Structures are given as C-alpha cells and as structure tokens.
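As structure tokens, the structure follows; a few thoughts come after it.
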Amino acid sequence: MQRWSKLFIPTLREAPADAEVASHRFLVRSGYIRQLGAGIYSYLFLGQRALNKIIGIVREEMDQIGQEFFLPALNPREVWEQSGRWTGMGDNMFRLKDRKGADLCLGMTHEEIMTSIARNELRSYKQLPQIWYQIQTKFRDEPRPKSGLLRVRQFTMKDSYSFDIDKAGLDKSFDLHDAVYRKIFSRCGLKFVAVEADSGSMGGSQSQEFMVYTDAGEDLIASCPVCGYAANLEKGTSLLEPVVEMEPTGDGTPELVHTPGCGAIADVAEFFKISPASDIKCVAYMAMKRGAAGKPDTWHGVAAFLRGDHQVNETKLLGAVGGADLRTMQAEELAQYFNGPAGFLGPVGLKPNAKPLEDGLTVVVDTSLEGRKNLVAGANQLDYHLHNVTPGRDFTWTLAADIRSVNEGENCPQPGCAGKLVVGKAVEIGHIFKLGYKYSEAMGARVLDVNGKEITPIMGSYGIGIERILTAAIEQSNDKNGFWLPASIAPFTVVVSVTNIADAALAEAGKKLAEELEAAGLDVLLDDRDERAGVKFKDADLVGIPYRINVGKKAADGLVELVTRATSSSVDVALGAVVALVKERVAEDALLTSVGA
RNA sequence: CGGGGAGUGGCUCAGCCUGGUAGAGCACCUGGUUCGGGACCAGGGGGUCGGAGGUUCAAAUCCUCUCUCCCCGACCA
C-alpha cells in the first residue's frame, strides 16, 4: 500500500518560470521530473512509475512480434565507422575517449549494433525473418533541447530492427509494426495519426510517422478531413488550382523592366499588377555533398525557383538534389553564381549543370512552374525584372521536382477527393520505415538463400519515444489545475483522499477502502497526509491520477465521493459499491482506448 | 551556430537605473488555533546575489571576461 505521507511527491504551487509548454509545467509541478541540465532530466517517483507503465505496454505488445535485447549505450568508434555514420552523424553524436585514448560514442540509435550482431550470427535464410527490439536510453547532443521532455539529450526509446530475405518479407515486418504501434498508442490513450514521412538521414524508402496533434509539437502535418490523407509537411503534396488571373496567354518575349526598389515578391506583384503566383521566386542555397570515404564534404550552389506565393521546403529540396546539408548563400556567393543581388535573382541566363551538386549551379524548378507562361522573374541585376518569362523556353534547369511546402486550404492530392487540406502542429511519437540494404550492405551482413547463394538481408527500423508518449498524453489532457492520464499509463489509477486524517474513523475507513481497491487489482494511492482537504484535492487534481475517492463527512452515512478527473464530475457512492464502480469505469476506459484510431 | 532574454534562500520575484543594513510571498521548522478546494497567529532556520577579474573607502548594483539556463530559426523519438 502506497501512502502519500511516506512518499516523495514534491508538488509545486507555482511552475518554474522557464517552463513554456503545458506538459513541461505540469511534469515539474506534479513532481514527476526535475531538471539537471539542458535537455537532461531526473525522473522522480511518479514520473518513473508512469514511464514504467508505458514501457510495460510497449513491451507486452512488442513481444507479440519480436524479441527484446538490451544493447550497450557505450559504443566503440569502429562500429559506427563501418556504416559511415561516425562522420555522418556530425555534432549530434556525443563522443568521448577512454583512458587509452580510444574513441567511443554514446548511442543515438542502434542500427549499427543490431546489424553487427546479425552479421556475426545470421548464416541462413532459415533464420529469417528476425525482429529484434530494445528499450534503451539514447543520447543525442541536440542543438537545442526544449519543451521539457519533448526534445531532450537523453531519452528512452524503444527501437526495433527487422531482417528479412526479401522486399515482401520487409513489407510484412513493416506491416506488423504498423499494427502493433497502433495498438500501443491506443492502449496509451493517445489520439494519433499515421502520416507519410520523409526518411531523412537514416536512408530508406517507405516511411511512416505516428503523430499526436498538439500546439507543443514541432512538426507540421497536412491532412484531409474528407479522405483521411495525412502527411508530414516535409513530404505532403497537394493539387493546385490553375493560375488564371492576369497571366497573359500570348507568347511574349522576355523584356527588361526597371523595377526600382522592388526587392520583395509583394512589391513585384504590385508593380506588375499580377498575383504573386505569377512571379518566380528564387531562393539561393549552398548544399553540402558528403565526400566519399576519406574525401572531404563539398559545397555547391543551388538555385531553387518556385511560385512567389509558395515556400521552399528545404527537406524536399535537399532530397531532390541529394545533399546532406543546406544553408542560404552569402552575398559573395550570390555574386559568383548569379552575378546579381538578392531580391532580383532570376533563372534567365543561368547555366544549370547537368547533374545536381557538381561544378556550376544546380537549378531546381518546382513542378508548379512547369507549363506556366509569361511570368515575371528577377533579371539578376539591381532594380530590374524580366516579364514574359516562359519556363523551358527562356530558361532550363538541372531538375524539376516538388520542392514547395503545402499550404492550408489547398486541394487534397488523393485522386477523386475534393477535400481541402488542413495544416496542424503535431509531435512525433513513433516512426517506422524501411531501411533497405543500407546497413546490412555497409556492414557486410550476408546469409545463404535456398540456392546456397549469398544474399544481403533487407532491414527495417522502428522507433517509439517513451517519454514523448507521456508528454503527448499530458498535452492532450490538461486544464488549469493539472492533467489526467488514462488509467493504463497513470502512476496510480485511483487516489483515496481522506479529508481529515485526524479523525480516526475516517482514517480507518480510508485505509480499509484503499486495501480493498488494492485487493481488487487497482493501483491505489492513499492520501493520508495530515493536510487540509483543499491541499489534498489540489494535489490530486494536479498529478494525473484519473480517479479520486473522497472519504469525508458523508462516510458516517456510508457514502464516499468518486471524482472523475477528466470531467471533474463526482458521484456519491455507497462505501461497499465503490470498488466495483471504479473497476467498471477503468474497464470502460480501456475499452474505449483499445478501439484505436 | 545566428538572434532575443534571464541568473538574488527550495519555488515565484523585488532590489540594480541613482553603489553604503539582502528583502517579500510561497515552501520549511516550533508552538497554538483551524480542518471539504492550496488556512491563520506568534516565533524561527536558511542566501559565496552564477563565476572570475577590475573600478571604488565601499559592489547584488558600475566595467570587462566567462559559465549556465530559457525562448525564436536549421535536426529527430
């Protein structure tokens, strides 16, 4: 029996000044966590208890499809060199030296370690498929830790890896994870969406993220309320309405126009009496290409052209040109590549290179510009624009690609769907994707197939952020007094608040009730502190426990109060019936959350 | 890394501009009164004012350097 009076639950009346998002404020106020450094937190009793509940669910579900390992967080340099990520991970990796001066790092993820085990141990197709997972602390030297447990430098991740003989096997492993993830997040009571995503630096093909909508999130998700299409903005597309308006239909030839001071899209549109959609925007970047083994990285000029009313999506652009990093051009570089100043850059007269990120300038044109005619563009000289510019005729490009970000209100890209996209902020709680052969190839994992021929296993990689489940749950269920968690992940299911512990009869009734609840298999916290009732109620409301039973003055009549935190509603229940009622409520909750999204 | 902000008792902050006794509320300890929505009274403990250097008779306060934390932009669970 857990008695509040004996526990360390340091609740705070006021939130620390530096806590911005709700989950951060409440996690600290409720005594779940304390900060040790930037992006480094201690998990106290209640916090650890909630996380353990989450881990329990994750483990239970993962055991249906995979096997749990526990891998070292301390990794020797060699393993990471074999995959090329010792350098590839850059500054996000914590590195250290041992007493002999040998390089080590703290694991950010465990593709390398898992693959090295596979390479050393797997010999035959008969041993495949395999799904191995672990629940482990990961370390990432984030450039900017923030928002409490949302973005930290040390966190707990469930990561799993699949090894299959062929693509069909990988599809199956991927689908298994998809199904299990949905179950896990549902059981944790989260309202989540699965979205198409960019696979990023990990490499790979199909990639799906599990997101929870919240303003505290850092990702933007485009979704269609009609057909259910949902994608990360880094990946999402939309159908555009054709631009009709003032665009001339004739075949004008490019003409130089004096446009003094019109360095911004809005100025240009105003000057030419056109909509921004008919002005060609140019964003000039330097893109970094990873050097081959032992070779240094190189930087190359990239000019991105798109509609004036669109924004460049740098993730898409980077993917289109095959670069590893992106930054905007400096003035000298603009002069070098465009011979013109910012604000007046344009595509006419540029000499695009044949292949991206080679010598010369890589010109990337957004697909929305293809087929357009008589547009306005910068002339690459101060205070001059060209009009009657027609892509394809007046300028060419290295490649055309979708490099823009979808905007709210654009048309859903699904065939036949008439929905309009909405864009919302979300936090990523899980990610599954098909790695392909990247690691098995690089690290030399091989097995023999039926014909005795060597094949390389194909891999998938699947992550869940444990703390983020907690954070997302709090973000999604809080009010000014605190938060409430689903019974499945709450540190306690029910708190018994004895309003006046000095009253021996009440104290005894509360204790007995708590024992009965415990005997019924519920996680009970008995608030037996010598505090005023108000203090106990406030604390109970704060700390995320979904149900509270007040043992107070009505106890003399054999009644207690059952309070549901989520709704703040309370009912008087006979002392003898309350255990069954709580069990029933919890069972109903579990039913609701198991249906899933 | 770029830009903005903050470091004063456990928490929230005042004091700094205009140098001179380090303060308030909450929390904590003791006693008393209270006892269903963060009680009240009385007494009490606790602070190298982030650190280093400098100016000055005198520095929380002025100057220089530095460390840490938070927020906004590029990364990811």
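Everything numeric in this text was worked out from a predicted model, so none of it was measured. Proteins get letters first, then strands, A, B, ... in listed order; numbering begins at 1 in each. Just the heavy atoms: all of them, side chains too, but no hydrogens, waters or symmetry mates, feed the values below.
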| field | Options B:rG38, B:rA74, B:rG36, nucleotide nearest the side-chain atoms of A:Thr499 | value | B:rG36
| query | Taking atom types as they are modelled, is there a donor-acceptor pair under 3.5 Å from the base of B:rG38 to the side chain of A:Arg29? | reply | yes
| said: Using a strict threshold of under 4.0 Å (side-chain N to carboxylate O), is an ion pair present between A:Asp91 and A:Arg140? | reply: no
| said: What's A:Ala15 touching, base or sugar-phosphate or nothing? Going by heavy atoms closer than 4.0 Å. | reply: sugar-phosphate
| Between the base of B:rC76 and the side chain of A:Arg468, is there a donor-acceptor distance below 3.5 Å? | yes
| task | Provide the Watson-Crick or G-U wobble partner of B:rU68, both distances under 3.5 Å; none if there is no partner. | result | B:rA6
| With both distances under 3.5 angstrom, what nucleotide forms a Watson-Crick or G-U wobble pair with B:rG31? | B:rC41
| query | Less than 3.5 Å between a donor and an acceptor, one on the side chain of A:Arg532 and one on the base of B:rU34, is that the case here? | reply | yes
| request: Assign A:Glu561 to base, sugar-phosphate, or nothing according to its heavy-atom contacts below 4.0 angstrom with the strands shown. | output: base
| message | Going by purine N1 to pyrimidine N3 plus the second Watson-Crick contact, or the G-U wobble pair, all under 3.5 Å, which nucleotide sits opposite B:rA77? | response | none
| Under-3.5 Å donor-acceptor pair between A:Asp219 side chain and B:rC76 base | yes
| request: State which of B:rC76, B:rC75, B:rC69 makes the closest approach to the side chain of A:Glu428. | output: B:rC76
| note | A:Leu506 CG to B:rC35 P, in whole Å, measures 14 Å
| said: Please report the distance, rounded to the nearest Å, between CD1 in A:Ile501 and C1' in B:rU34. | reply: 17 Å
| message | Quick check for you: among B:rG38, B:rA77, B:rG36, whose closest atom lies nearest to any side-chain atom of A:Val535? | response | B:rG38
| In whole Å, what separates the C1' atom of B:rG37 from that of B:rU30? | 27 Å
| Is a donor-acceptor pair below 3.5 Å formed from side chain A:Arg548 to base B:rG37, judging by atom type as modelled? | yes
| field | Rounded distance in Å between the P positions of B:rU12 and B:rC57 | value | 39 Å
| said: Could you tell me how far apart A:Leu190 (CG) and B:rA77 (P) are, to the nearest whole angstrom? | reply: 17 Å
| query | At under 4.0 Å, does any side-chain N or O of A:Arg13 touch on OP1 or OP2 of B:rU12? | reply | no
| request: Taking all heavy atoms of A:Ala304 and all of A:Val312, pick out the closest pair and write down the distance. | output: CB-CG2, 4.4 Å
| message | At 4.0 Å (heavy atoms only), tell me whether A:Asp91 reaches a base, stays on the sugar-phosphate, or touches nothing. | response | nothing
| request: Drop me the distance from A:Met288's CE to A:Leu357's CG, to the nearest 0.5 angstrom. | output: 11.0 Å
| Rounding to a whole Å, what distance do you find between A:Ile469:CD1 and B:rA77:P? | 14 Å
| message | Classify A:Arg144 by what it touches in the nucleic acid, base, sugar-phosphate, or nothing, heavy-atom distance under 4.0 Å. | response | base
| Identified pairing partner of B:rC17, criterion: Watson-Crick or G-U wobble below 3.5 Å | none
| Closest to the A:Ala17 side chain, choosing from B:rC13, B:rG36, B:rC69 | B:rC13
| query | With stacking defined as ring centroids separated by under 5.5 Å and planes differing by under 30°, is A:Phe155 stacked against B:rA77? | reply | yes
| task | Measure the CG-CD1 distance between A:Leu149 and A:Ile33 for me, rounded to the nearest 0.5 Å. | result | 4.0 Å
| Are A:Arg182 and A:Asp178 ion-paired here, with the side-chain N under 4.0 Å from a carboxylate O? | yes
| query | What interatomic distance, in whole Å, is found between C1' of B:rC76 and the corresponding atom of B:rG25? | reply | 41 Å
| Can you tell me how far C1' in B:rU61 sits from the matching atom in B:rC17, rounded to whole Å? | 9 Å
| remark: Winner on side-chain proximity to A:Lys146, out of B:rC75, B:rG73, B:rC35, is B:rG73
| said: My understanding is that a pair needs two contacts under 3.5 Å, Watson-Crick or G-U wobble. By that rule, which nucleotide pairs with B:rG53? | reply: B:rC63
| Step-by-step salt bridge (charged side-chain N to carboxylate O under 4.0 Å, His left out) determination, A:Asp528 to A:Lys6 | CA-CA 9 Å; A:Asp528 59 343; A:Lys6 303 278 186 285; 5.2 Å; no
| Pairing of A:Glu60 and A:Arg187 as salt bridge, 4.0 angstrom limit | yes
| query | What is the distance, rounded to the nearest whole Å, between atom CG of A:Asp503 and atom P of B:rU34? | reply | 15 Å
| note | Atom CG of A:Asp530 and atom P of B:rU34 are separated, to the nearest Å, by 14 Å
| message | Output the rounded distance in Å from CD (A:Glu234) to P (B:rA77). | response | 11 Å
| field | hbond_proxy A:Glu531 side chain to B:rG38 base (donor-acceptor, 3.5 Å cutoff) | value | no
| Taking the same atom, P, in B:rC13 and in B:rG7, what whole-Å distance lies between them? | 9 Å
| task | Look at the aromatic rings of A:Phe210 and A:Tyr181 and report parallel, tilted or perpendicular, splitting at 30° and 60°. | result | tilted
| request: Have a look at A:Lys553 and say if it touches a base, only the backbone sugar-phosphate, or nothing, with a 4.0 Å heavy-atom cut-off. | output: base
| Counting only side-chain N and O atoms of A:Gln136, is one of them less than 4.0 Å from OP1 or OP2 of B:rA77? | no
| Do A:Trp132 and A:Tyr161 have ring centroids that are under 6.0 Å from one another? | no
| request: Return the value, rounded to whole Å, for the distance between atom CZ of A:Arg25 and atom P of B:rC71. | output: 12 Å
| query | Is there a donor on the side chain of A:Asp539 or the base of B:rG38 sitting less than 3.5 Å from an acceptor on the other? | reply | yes
| request: Map A:Leu150 and A:Gly552 onto RNA chain B by nearest heavy atom, then report which one ends up closer to the 5' terminus. | output: A:Gly552
| Span that lies between the P atom of B:rA24 and that of B:rG5, in whole angstrom | 31 Å
| Residue A:Arg140, side-chain heavy atoms: nucleotide from B:rA77, B:rG36, B:rG38 that is nearest | B:rA77
